[in-house]
Amino acid sequence: MDDNTVATLAYVILFAPVVAAILITLFTRKSKGISAFLSVGSVVTGGILSVILLFDQLAKGPGTPPVISQFEWAAARDSAIGDIVLNIGVQVDFISILMSTIVGVVGSCIFVYALGYMKGDEGWSRFFAKFAFFAFSMLGITYATNFVQIFIFWELVGVSSYLLIGYFYQKPSATDAGKKAFMTNRIGDFGMTLGILLLFFAVRDVFGAVDGFSFVELQRIFTDEASRTLLFDAMGWKAGLGAFLIFVGAMGKSAQFPLHVWLPDAMEGPTPVSALMHAATMVAAGVYMIVRCYWLFAWAESAMIAIAWIGGITALMAATIAVVQNDIKKILAYSTLSQLGYMVMACGMWGAGAGMFHLATHAFFKALLFMGAGSVIHACHTNDIWEMGGLAKKMKHTTWTFIAGTLALAGIFPLAGFWSKDEILSASHHIAPLYWIGVGVAFLTAFYMGRCVFTAFFGKYRGDGHPHESPAVMWVPLAILAIFAIFGGWVGAPADLNPFGEHGLQSYLLVAYTTVAEGAHQQVINWPTGQGHMAKSLHMNVAVIGTLVAVAGLFVSYLFYGSRKFSAEKAKKMFGPIYTLVSNKYYIDEFYLFLVKKVQQGFANLCSIVEQHIIIGIFVNGLAGGAREAGDKFRKMQTGRVNTYVTMILGGLTLLVFLFVVGKEFWG
Amino acid sequence: MEIHIAHYLIVAGILFSIGLVGVVVRRNAIVVLMCLELMLNAANLVFVAFARMHGNMQGRIFVFFAITVAAAEAAVMLAIIIAVYRQRETVNTDDMDIMQG
Amino acid sequence: MEPIFHDLLAAGGGHAVAFYACSAVTIAAAILMVMKKNPVASVMWLVLSFIGLAGIYVTLQSYFIAVIQVLVYAGAIMVLFLFVIMLLNLRREDIAKMELPKVPFAGVIAAILFFVSVFLVIKASTPAFEKPVDALLGEPALAGDSVRAIGIPLFSQWLLPFEITSVLLLAAIVGAVALTKKKL
Amino acid sequence: MHLSLATLIILVPALTTLLLFFVPAKKVQVVRWLAAGGAFCTVIISITMMATYDKAVGGWQFTQVVTWVEDLGISWNVGADGISVAMLLLTSLVIMAGTLVSFKVTDRPKEFYILLMALVTGVFGVFAGRDMFFFYFSYELAVIPMYLLIGVWGSTNKEYATMKLTLFLTAGAVVALIGLLLLYWHTKEFFDANPALLEAFRNAHPDFSDATSSSFNLLQVQYAAKHAMEMGGPASREFFSLGFQLWVFPLILLGFGAIAPMWPLHTWSPGGHAAAPSAASMLHAGVLMKLGSYGIIRIGLTCLPEGAAKILPIVAALCMMNIIYGGMVAMAQKDLKFVIGYSSSSHMGYVLLGIASMNVIGLNGAVFLMFAHGIMTALAFGLIGWFYDQTHTRMLPDLGGLAKQIPFIGVCFTIMALASAGLPGFANFASEFMVLIGSWQEAVRGNSWFFLYTILAVWGIVISATYLLRAARWAFFGPLNPCWEGKIKDADTWFWRAPFIMLIAALVLFGCYPKLLIDVIATGTGPIVDIIENARQAVAGIK
């Protein structure tokens, strides 16, 4: 395909959902069928076209230069310092196509699933319009050509998440959760805005009228050693700061500690929303951006260390919380958090390839798990895993797909999760603390997923409904995703195990950015090479340890929840204070609540008091009151008697005459 | 002994001052009005004196007008005083303080 | 009548005598007018003052103005005042009610104004100002203060103001009637 | 006689006002449709202006000059440059929406519409006027009807609010007038001293071939300022010296800043908004506030650039008070109109910040934000008015879950809140982002305080999202407050929806493709930035 076709296809992929959303909003709200057709059709079209583009890209081989098509969105012509042009367009290269394929394929499955899940909901058309709009926002990030565009769609993702999480707008907790998501993202965007500005002007400062927003321009500058050195010398410590600030945006979207608080609450949205948002799209955006701008992060050493640690902390913290959750969606939510921390940690240790790979596999099996959970909730009308049980017999399709997802997430050989987890652990196995965090998280992941599966799907049914299998429109997408979850990992496996040999996923990612990362290692830092290059063969001890802890996790959970050899209650008592701490999510929400309700609102009230009593009370009304008081005093002079007035007039006249005539005579 | 225009002007000044003092100190509205008339006449005297000095008619014509206006003014003022008296049974200016602030 | 006055004034010292006499009467009557408690007495003294003023006009050879002064002011207007006073049946003014602090205040102001005017008069010096008034007697431009001499400019050059004055008078009449009417 | 579009856009509402006088008060429908027709004509005219404005040529177009008072140099001197075109479009859209929303006014509708159209005549006069006298005249014409509109048709503490508003605005106007008169006299002295330049000015502008030295013509004042400033150093020259500019610019700034509203002169605005009837607060927050910033740009920056260059960096600190403090106060409000009112004052802080950054992108952003904020806030007050008419309360705790009862209004309100919070896709985002870039650019240029300002301004966006979403959450989401069950009517016909849809469409259109408007605006701001830039270089290094 020539560049024009590629760009056109990308535009179609990008704009089809928004066109669908607009059409639904304006015209087809009443006709549910057409709305659903438009919405699902647009995303499925996007998915198919993405796959076509992907194959095209694969055919062209690694290292194909990106296709860029953009138009001017807004501009300021400044002859003195050069024009500032804000562009919108599409940048089509391997990374964006890969991301778009993930979004398209997983999204298609979720959209189809939603057809079943949302059946009978009164806001059907509204839902599908918002859903399509969400897909559009995410694709906008995927195909962004520059920082402004990515920021624009970044915000749009924020707002569509706000709308979708708050879909049940009459439910206070849902609207609050939507608001929380939006606000937390806003805080992330705060950092991102500053980071973008900092970078833009720093580049401008050094290189003159360069488009310091454009990814290709920046990549050119950052990958060229001479220009990079120049820039870094000029920026000094601000380089790391800039990179970190941009990462703050990713922290908001990818729910990294301490901006992770919105994600668990976001489960208030309908389950397809959770699946879409927390598997393939919104939360993936942050990781995607790190990968997209890897040339920037790779050399900002201080920022990278911060990123790695933030990822690690998020992964561990979320995994521990997941262990004590009882709501099936909450378990998956914290699991998502934890896996995102994993990806970010990998990226922070110069393993962007591993991060991106894990993003892809995770998208598949996490979407699968969410939708499986949705199917279960649909059947049992409860979220609490303790009110489920024994579903394996009643919901066969859901059960086996869920188990496939669980095993993939736990990282059992040879499912998808195994390969990507292995990449991550390999990338980090030289940094002891983070490596052990990674291993610990792997254990915990297997444990809490096992806990969930054993409790919900095995044993006796403890609820009081009559669960039954969901309709085909819901379980068929599950099956498709399950296939991906089981076999999808092979594309990224090390070369000697990869069915594509040397031409696996990593080789494409390699050219896209990992060469850069490798360079960074060699120049900036003396750490041994991480996962910058494609692993030729499996890192044996990493793989074995990883698999062993995963199996151990599953086994321990079986002992607790399957065979009930150990009592969970006793363990709870044993870890008393720790249990309280973890089950209260480390009191981070409470802390934020304190900040918002007490500190921020207190400050707002203080400002309001200042406004009311000082500015209005003293200055404005004081002035008015002063005028009135003075008037009151001067009023007394108005005796109403002619004589007084005449006397005053004469007094004044005399004074004037005296001043002007006599005074002028003597002193003038 | 020669009489200059200045003499006339000084007489006019004296009359004006007397009228002025009257306006300020008297309480009877009618007397106040009379004092005003006196002040007007002082002004008239100045007009006539200067007309005499310059040897033309303008000043005198002005006096003519001034007298007419004074007549009109007196009529209206007295009418007002009568109206006020009807309302308040007094022409004492101290009692006429309805405009007090 | 004019020649008679003219001759009298022209006689040696006659002018000065007439001026001083008339001025003394005018000023004294004015002072008494202010001081009398009875409004009727005040009116009477004012009439006298106006007559004195008419005398001063004569010394300025403004005979017609002098006549008008007596007829209109001392006659018509003052009668109007008298009528009103009688009509209202006013009591004597209670002198105790006078705001005493105001008397010196008014006096001071009056004194200042007076002395300023005297100061200005003394300061002003034009040739015409220097000339004694009786020296002007024979000047042809002032040959006579005849009705004719006033009438011609009044009905030619000053016609419009004259007419406006008549409108003013009409307005005053209507106004006075309207104001004194009991029910409007 | 040929009438230019700029003349027409002033005359149309003026004629509408006149015609309204002759319509019997009982014929309410005639009154309403006449006003709507007038407003619609202005929309057509302003869109035509925008479409036919020649961006390649730039400068003043659609001009018309007719001498009024020759001795004083007052003339009917109208036209539009890029900035004016944007502002005229804004005004016409807002008045169109305002007249449609006001179809609900049943209390003395004739007088209401007369005042409304008179007000908007003044606004058009300011935005299209090039004569300082006419400018001032129109400004007052815009302010005075507001007094009556609030005083008669208002609610909530209207006497206090309208009095305060009028006092602030007229006091501001008087301060500005002093500045304008000083400029006028200074220009006269300048041309009296340099007759050759007057001749040159006449030759350069065929429209003003009979110009005399005394003139309220803004172009002439600018011409004088430009040439005076070429005649010597800022301190040493005779006319338009730095000292003079440092005296007069603050007058202009304070005078127009009062209506902008610049902190701490802002207190009239929330109360005024809250008390005003819908259409009045739409015009008021949407358009009237922009008169202030427009005046600062149009007169302050062009005629007194050196004063501006010295003083604007200080003003930027006040902008922070607008943005942060205004936002915080908005957060503490319970009355919905007060929330939006303080948010207006907060957002106008961005406009002033854009102006204070004195560069192309900042100024473009500021003007664009004036447009975007005008539309957005008009939308907000229109929507609030809609349900206030029925609920008679705007207190957030009393509302709740209204989205179920009035879904259309709820959706529009959410859109408005998101637009106001600076969401991409709406014009507010593009403009605020440009302001931020401009502010940062100023920081990079050397004024390090602007780093802090930019950071705070970005934080201000977070704050605005907080209170706006909170307001939307309280009023529209959550369970429906049972006392409104079945009590409130939605905007259920296309007629009632039209104004809101129109405003949203404008926001979205220019938000998705800002270039459309920015390219026009840029032709207006470009020359102004050039002037400022020269002045900054001239005063650089002078304490």
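In what follows, every chain begins at residue 1, and chains take the letters A, B, ... in the order their sequences are listed.
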Please say whether more than 12 non-hydrogen atoms of neighbouring residues, nucleotides or ligands are located less than 6.0 Å from CE in C:M44.
-> no
Taking all atoms of both residues into account, what is the closest heavy-atom pair of B:A75 and C:A176, and its distance?
-> O-CB, 4.0 Å
Answer with yes or no whether the side chains of C:S23 and B:Y8 bring together a donor and an acceptor at under 3.5 Å.
-> no
Would you check if the side chain of B:Y85 reaches a backbone N or O of C:L88 as a donor-acceptor pair within less than 3.5 Å?
-> yes
Here the pair of heavy atoms bringing C:I77 nearest to B:A74 is CG2-CB, 4.0 Å
Mark yes or no for whether B:R60, through its side chain, and C:F64, through its backbone, hold a donor-acceptor pair below 3.5 Å.
-> no
Could you tell me which portion of C:S49 (side chain, backbone, both or neither) has an atom closer than 4.5 angstrom to a non-hydrogen atom of chain B?
-> side chain
Contacting moiety of C:F114, where chain B heavy atoms sit under 4.5 Å | both
Quick one: does B:Q58's side chain get under 4.5 Å of C:P153's, heavy atoms only?
-> no
Answer with side chain, backbone, both or neither: which region of C:V43 has an atom nearer than 4.5 Å to a non-hydrogen atom of chain B?
-> both
Whether B:F64 and C:F162 hold their rings parallel, tilted or perpendicular, with breakpoints at 30° and 60° | parallel
Region of C:L46 in contact with chain B, defined by heavy-atom distances below 4.5 Å | side chain
Least distance between heavy atoms, C:M33 atom then B:L38 atom = CE-CD2, 3.8 Å
Between C:I31, C:V72, C:I68, which shows the greatest number of heavy-atom pairs under 4.5 Å with chain B?
-> C:I31
Under 4.5 Å from a heavy atom of chain C, the part of B:I14 involved = both
Given the options B:I81, B:V76, B:I61, B:T68, which has more heavy-atom pairs under 4.5 Å with chain C than any of the others?
-> B:I61
Report the distance from atom CZ of B:R52 to atom CD1 of C:I65, rounding to the nearest 0.5 Å.
-> 13.5 Å
Using a 4.5 Å cut-off on heavy atoms from C-beta on, say whether the side chain of C:Q69 contacts that of B:N41.
-> yes
For B:L45, is it the side chain, the backbone, both, or neither that has a heavy atom closer than 4.5 Å to a heavy atom of chain C?
-> both
Considering only heavy atoms from C-beta outward, does the side chain of B:F65 approach that of C:L154 to under 4.5 Å?
-> yes
Taking C-beta and beyond as the side chain, do B:V11 and C:T26 meet within less than 4.5 Å on heavy atoms?
-> no
Side chain proximity check, C:Y73 to B:L40, heavy atoms < 4.5 angstrom = yes
Among B:I82, B:V63, B:V23, B:V69, the residue with the most heavy-atom pairs under 4.5 Å to chain C is B:I82
Winner by heavy-atom pair count (cut-off under 4.5 Å) against chain C, out of B:L33, B:I10, B:L78 | B:L78
Does C:V34 reach the side chain of B:V31, with side-chain heavy atoms less than 4.5 Å apart?
-> no
Gap separating the CG atom of B:N28 from the NZ atom of C:K36, nearest 0.5 angstrom | 15.0 Å
Heavy-atom distances under 4.5 Å only: say whether C:I27 touches chain B with side chain, backbone, both or neither.
-> both
Separation between CZ (C:F81) and CD (B:E37), nearest 0.5 Å, reads 4.5 Å
Looking only at heavy atoms, what is the nearest atom pair of C:P39 and B:M34, with distance?
-> O-CE, 4.3 Å
